[in-house]
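First up is the structure itself, then whatever we jot down about it.
Just so you know, ligand 1 is whichever comes first in the structure, and atom 1 is the first atom listed for that ligand. The figures here come from the full heavy-atom set of this structure, side chains too, leaving out hydrogens, waters and symmetry mates. Note that the numbering runs from 1 along the sequence shown for the chain.
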Amino acid sequence: MGERLRRHVRSEDTLARIGGDEFAILIDGVRDIPELIADRLRVALRDPFPVHGSSLRVRASMGLVRSGGEGGLQTPDDLLRQADISMYAGKRLGKDTAVVYQPSAGVRAEFPAALREAQGGVPDGFALAYQPVVHLPDQTPAALEALARWTAPNGILIAPETFVAVAEASGLGATLDAMVLGLACREVKDAGLDVDIHVNVGAARLGNPTFEEQVHRTFDECGMEPSRLVLEITETVPIVDLADAAAQIERFKALGIRIALDDFGAGYNSLTYLHALPVDIVKLDRSLAVGADPERDLALYRSVIGLCTDLGMDVVAEGIETQLQADTVYAAGCAFAQGHLFGKPVAISELTRGWHEPSGQIGGGGREVNQPTNQPT
Ligand code: C2E
Ligand code: CA
Ligand code: CA
């Protein structure tokens, strides 16, 4: 890679390998527009690399930044960080991308600032969207998942993965999660909806006594029943102390809160978590829903769902976009699902129209839930 890249930069430019598969190139002096340079590099990498008698294709995600742009003069660290932000913005779009840094991408500084300024309240540009979790096969809503939305000061809608990661990295993950929890409780109550609420919380919240206090306070302030709340644990950072996390989950459960393990099948430690954490609900990651072969999908779903059911956990299949996917997960024994087929995340005001009363509770352990019959619809 290094050799190939070197052939396409000038001797006055600097080429560096800054990590396992990360390279940085400093182009000295004003030259072509960044997109042109990126395009030249992309073409240079297009030819496969011969390795031990076989040929490997390499695709690169590139983040570009011009010094002395709108944001004023940057330090070398600023430039690397901004190139990094652009590269990750590109990775979200797919592989083989080149994204030029725009100061708008300054989420890393702006979101924490907005959170801090709000002092526990709701920051400017922040809102929640709600997506129904439905009961199969009648597709009636069983719960609502609250999903965070943030529009940066320059009017650009930032992906939640980005600002959630930024909040976590700035030590504000608990502040964000507590704020979302409070907002969701208030909005659902004000809308007059009698429904369970799912709120996402980073795995780092397990074993954080301050967060537990905040949960108590939210219940007091909103007059919400703990049995209405499901906390979805998202693996933003690996859970190091599983015993500690399990103890925290038990404390939440003692209050009547249910706990869901989010994105099951996407992380690295999924099976370990399933074994160690006493969760009520498992949410199957949407990557499982997009297999190419329905037969194999069904087999995979059937064994994963069987495993969870044997452990006494309810299963929600995520990312269901087609009726075929819905039929597949239902046939595999999954009673709950979520996805664009049933409804995209929308503002609470859009949900109150045509609202059906929930038909059962997920992960209620013996509470009334219609059992699936293992028959496709
Ligand atoms: P998640 O918890 O797995 O949320 C589901 C994501 O899948 C949502 O993306 C939702 O819009 C999307 N989705 C739902 N149905 C479909 C479908 O049928 N097809 C496809 N392609 N996508 C579907 P969103 O809202 O962009 O959220 C992304 C992630 O950001 C969430 O993943 C969650 O991990 C995190 N997140 C969102 N809100 C919060 C929050 O308030 N706190 C924390 N800690 N994390 C949050
Ligand atoms: Ca979730
Ligand atoms: Ca998920």
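For CG of Asp220, the number of neighbouring non-hydrogen atoms (other residues, nucleotides, ligands) closer than 6.0 Å is greater than 12. Residue Asp78 places its CG atom among more than 12 non-hydrogen atoms of other residues, nucleotides or ligands, all under 6.0 Å distant.
Using a 4.0 angstrom heavy-atom cutoff, Lys344 does not count as in contact with ligand 1. Within the 4.0 Å heavy-atom shell around ligand 1 one does not find Gln338. Proximity of Ala159 to ligand 1 is not established, as no heavy-atom distance is less than 4.0 Å. Ligand 1 is never approached by Glu168 to a heavy-atom distance shorter than 4.0 Å.
Residue Pro160 places no N or O, backbone or side chain, under 3.5 Å from any N or O of ligand 1.
If you look at Leu341 next to ligand 1, there are no close heavy atoms at all, none under 4.0 Å. In Ile320, the part holding a heavy atom less than 4.0 Å from any atom of ligand 1 is the backbone. Contacts of Asp177 with ligand 1, taken as heavy-atom pairs under 4.0 Å, involve the side chain alone.
Counting protein heavy atoms under 4.0 angstrom from atom 35 (C) of ligand 1 gives zero. Closer than 4.0 Å to atom 32 (O) of ligand 1 lies none of the heavy atoms of the protein. The nearest protein heavy atom to atom 9 (O) of ligand 1 is not closer than 4.0 Å.
At a threshold of 4.5 Å between non-hydrogen side-chain atoms, the residues Leu5 and Leu41 count as touching. At least one side-chain heavy atom of Leu274 sits less than 4.5 Å from a side-chain heavy atom of Met313.
Taking the Ca ion (ligand 2) as reference, Glu145 places its N/O/S atom OE2 nearest. Of all N/O/S atoms in Asp262, OD2 sits nearest the Ca ion (ligand 2). When you scan the N, O or S atoms of Glu232 for the one nearest the Ca ion (ligand 2), you land on OE1.
To the nearest 10 degrees, the angle centred on the Ca ion (ligand 3) between OE1 in Glu318 and OD1 in Asp263 reads 110°.
Looking at Glu321, Glu318, Arg149 and measuring to atom 20 (C) of ligand 1, the nearest heavy atom belongs to Glu321. Evaluated by nearest non-hydrogen atom to atom 29 (C) of ligand 1, the leading choice among Gln131, Glu161, His198 is Glu161. Of the options His340, Glu145, Gln325, the smallest heavy-atom separation from atom 16 (C) of ligand 1 is shown by His340.
The two atoms that bring Val315 and Cys334 nearest to each other are O-SG, 3.4 Å, heavy atoms only. Here the closest non-hydrogen pair linking Glu212 and Phe252 is CG-CE2, 4.0 Å.
Taking 4.0 Å as the cut-off between side-chain N and carboxylate O, Arg258 and Asp196 count as a salt-bridged pair. For Arg10 and Asp13, the salt-bridge test passes: some basic side-chain N is under 4.0 Å from an acidic carboxylate O. Between Asp39 and Arg42 there is a salt bridge, since at least one side-chain N of the basic residue sits less than 4.0 Å from a carboxylate O of the acidic one.
Panel note: side chain Lys253, backbone Pro278; a donor-acceptor pair is recorded below 3.5 Å.
With 3.0 Å as the limit, Thr234 does not count as an N, O or S neighbour of the Ca ion (ligand 2).
None of Ile259, Leu231, Leu311, Asp262 except one satisfies the side-chain contact (heavy atoms from CB on, under 4.5 Å) rule with Val279; the exception is Ile259. Residue His135 forms a ring-ring contact (aromatic ring centres under 6.0 Å, His included) with just one option from Tyr330, Phe336, Phe342, and that option is Phe336.
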